[in-house]
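Below you'll find the structure, written out as structure tokens, and then a few comments.
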Number of protein chains: 2
Amino acid sequence: MSYCYCILLRKASRRVTSLYDEALAPVGVNLAQFSLLRNIQRAEPISLTDLGQRTELDRSTVSRNVKVLEKMELVAMANGQDQRESAVELSDKGRQVLRDGAPLWDGVQTAIEAKLGDEASAQLTALLQAL
Amino acid sequence: MSYCYCILLRKASRRVTSLYDEALAPVGVNLAQFSLLRNIQRAEPISLTDLGQRTELDRSTVSRNVKVLEKMELVAMANGQDQRESAVELSDKGRQVLRDGAPLWDGVQTAIEAKLGDEASAQLTALLQAL
DNA sequence: ACATATTGCGTGTATATACACGTAACTTCT
DNA sequence: AGAAGTTACGTGTATATACACGCAATATGT
């Protein structure tokens, strides 16, 4: 009787998310928001649809998550190529959060690697990508 | 520059959850609900607090998820030891879902093992438990 | 040009999840 | 017995997430 891979994944996901959330709390965002900001930064200005593909999230999910970031004034919506397309851009405040959050994010990242060891960390990365 | 373990986990979690959800669709529950039913089965009648500890979920989350199962008539609430405690039990319909869902769940489980290989599957299990 | 198809987005609806807070019930201490 | 603390639970609020649907804008085919 093997453990359910899905449940193991979901539990680990919740636990680890909690670690990153706590670490990032000082800059006022959670892991999901920090990651979304990073994805925006890598391709700004970016449409919501493109952002959804990059993050592997449903477009409507991205739409709502971006709206929260907008309310926090970390990003701003601009006009895209089309009238229908809207382009997300970081605000100065958003860039600051990314700068301030980077070492916090790195701390958790390093802590996980220290806990698992280098080899196991690499294995984990490979396995998660293979799923 | 390493990948964010949390994001890798969350993405894998969403992808894999989706696999199980699709497989379980014929019996009318998703993976989270199926898993919750299984946890109830293992310890019924069980209080919401105990169920929360078993599933590593917040009590309020369990409370709400159980409420959905109750509306689907897969579980029923009975009186616990106390007046404050409520005990969750499976209904016949709930047991049937567990029976019918088992082979569907097993199919995904086997498919994942086939994809990763036995050794990698065992590694994955160990790594996820270590996190 | 006009009808049709596609694209990009928002909203409605639903589950999953957590934290904070309040309430009722039980326990413990004096 | 009565006060104080603990336990079990529900609800309010908020984010995360997906699917279905509809609308507006653009592209395409005749």
Side-chain angles (χ1 to χ4, degrees), chain A residues 6-7 9-22 24-25 28-37 39 45-72 74 77-88, chain B residues 6-7 9-22 24-25 28-37 39 45-72 74 77-88:
Chain A
C6 196
I7 290 301
L9 270 169
R10 290 165 68 93
K11 283 185 181 176
S13 184
R14 288 197 300 265
R15 282 195 300 264
V16 173
T17 296
S18 176
L19 290 180
Y20 283 86
D21 283 353
E22 280 175 42
L24 290 170
V29 295
N30 61 30
L31 185 276
Q33 294 166 339
F34 189 73
S35 170
L36 189 52
L37 285 174
N39 274 286
I46 185 174
S47 73
L48 296 178
T49 298
D50 288 351
L51 198 48
Q53 288 185 330
R54 274 177 171 270
T55 54
E56 293 184 29
L57 291 171
D58 190 86
R59 197 186 27 70
S60 68
T61 298
V62 170
S63 177
R64 286 182 166 112
N65 293 2
V66 163
K67 193 170 291 179
V68 175
L69 294 180
E70 204 184 354
K71 194 179 296 177
M72 296 167 83
L74 302 180
M77 305 300 290
N79 292 327
Q81 310 269 338
D82 286 354
Q83 287 309 100
R84 46 193 174 160
E85 188 179 302
S86 50
V88 189
Chain B
C6 195
I7 291 301
L9 270 170
R10 290 165 68 93
K11 283 185 182 177
S13 184
R14 289 196 299 265
R15 282 195 300 266
V16 173
T17 296
S18 177
L19 290 180
Y20 284 85
D21 283 354
E22 281 176 41
L24 290 170
V29 295
N30 60 30
L31 185 275
Q33 294 166 339
F34 189 73
S35 170
L36 189 51
L37 285 175
N39 274 288
I46 185 174
S47 73
L48 296 178
T49 298
D50 288 350
L51 198 47
Q53 288 184 330
R54 274 176 172 269
T55 55
E56 293 184 31
L57 291 170
D58 191 85
R59 197 184 28 70
S60 68
T61 299
V62 170
S63 177
R64 286 181 166 112
N65 293 2
V66 163
K67 194 170 290 180
V68 175
L69 293 180
E70 204 183 352
K71 194 180 296 178
M72 296 167 82
L74 301 181
M77 306 299 290
N79 292 327
Q81 309 270 336
D82 285 354
Q83 287 309 100
R84 46 191 175 161
E85 189 179 301
S86 50
V88 189

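For clarity, every value in this text was computed on a predicted model and none was experimentally measured. Here is how names work: the chains are called A, B, and so on, in the same order as the sequence lines, proteins then strands, and each is numbered from 1. What's counted below: heavy atoms across the whole structure, side chains too, no hydrogens, waters or symmetry copies.
Distance, Lys71(A) NZ to dT15(D) C1': 11 Å, rounded to whole Å. Rounded to an integer number of Å, the gap from Leu51(A) CG to dG8(C) C1' is 13 Å. Regarding Lys67(B), its NZ atom lies at a distance of 13 Å from the P atom of dA16(C), rounded to whole Å. Rounded to whole Å, the distance from CD on Glu70(A) to C1' on dT15(D) is 16 Å. In this structure, Asn65(B) places its CG atom 6 Å from P of dT17(C), rounding to the nearest Å. Between Asn30(A) atom CG and dA14(D) atom C1' there is a gap of 11 Å when expressed in whole angstrom units. Taking atom CG on Asn79(A) and atom P on dA25(D), their separation rounds to 13 Å, with Å as the unit. Per the geometry, CG belonging to Asp21(A) stands 15 Å off P belonging to dT17(C), to the nearest Å.
Between Leu36(A) and the choices Val68(A), Val88(A), Asn30(A), Val66(A), the side chain to side chain contact (heavy atoms under 4.5 Å, CB included) rule is met once, by Val66(A).
Residue Arg59(A) places a side-chain atom within donor-acceptor reach of the base of dG10(C), judged by atom type and a 3.5 Å distance cut-off alone. In the interface, the side chain of Arg84(A) is not paired with the base of dG22(D) through any donor and acceptor atom under 3.5 Å apart. In this model, no side-chain donor or acceptor of Arg14(B) finds a partner on the base of dT15(C) within 3.5 Å. Between the base of dC19(D) and the side chain of Ser60(A) there is a donor-acceptor pair shorter than 3.5 Å.
Side-chain proximity of Gln83(B) to dT17(D), dC19(C), dA25(C): nearest is dA25(C). Of the listed nucleotides (dA18(C), dA18(D), dG8(C)), dA18(C) has the atom at the smallest distance from the side chain of Asp58(B). Among the nucleotides dC19(C), dT15(C), dT17(D), the one closest to any side-chain atom of Gln33(B) is dT15(C).
In this structure, CZ in Arg64(B) is found 10.0 Å from CZ in Arg59(B), a value given to the nearest 0.5 Å.
With Thr55(B) contributing its side chain and Leu51(B) its backbone, the two residues share a donor-acceptor pair below 3.5 Å. Ser18(A) places no side-chain N or O within donor-acceptor distance of the main-chain N or O of Arg14(A), the cut-off being under 3.5 Å.
Of the side-chain N and O atoms in Ser86(B), one or more sit less than 4.0 angstrom from OP1 or OP2 of dC9(D).
Thr49(B) comes within 4.0 angstrom of the backbone, heavy atoms only, and of no base.
Within the 4.5 Å cutoff, the side chain of Val29(A) has heavy atoms near those of the Met72(A) side chain.
Along DNA chain C, the nucleotide nearest to Arg10(A) and the one nearest to Asp50(A) differ in position, and the one closer to the 5' end is contacted by Asp50(A). The nearest heavy atom of DNA chain D to Ser18(B) and to Ala32(A) marks one nucleotide each, and the one closer to the 5' end goes with Ala32(A).
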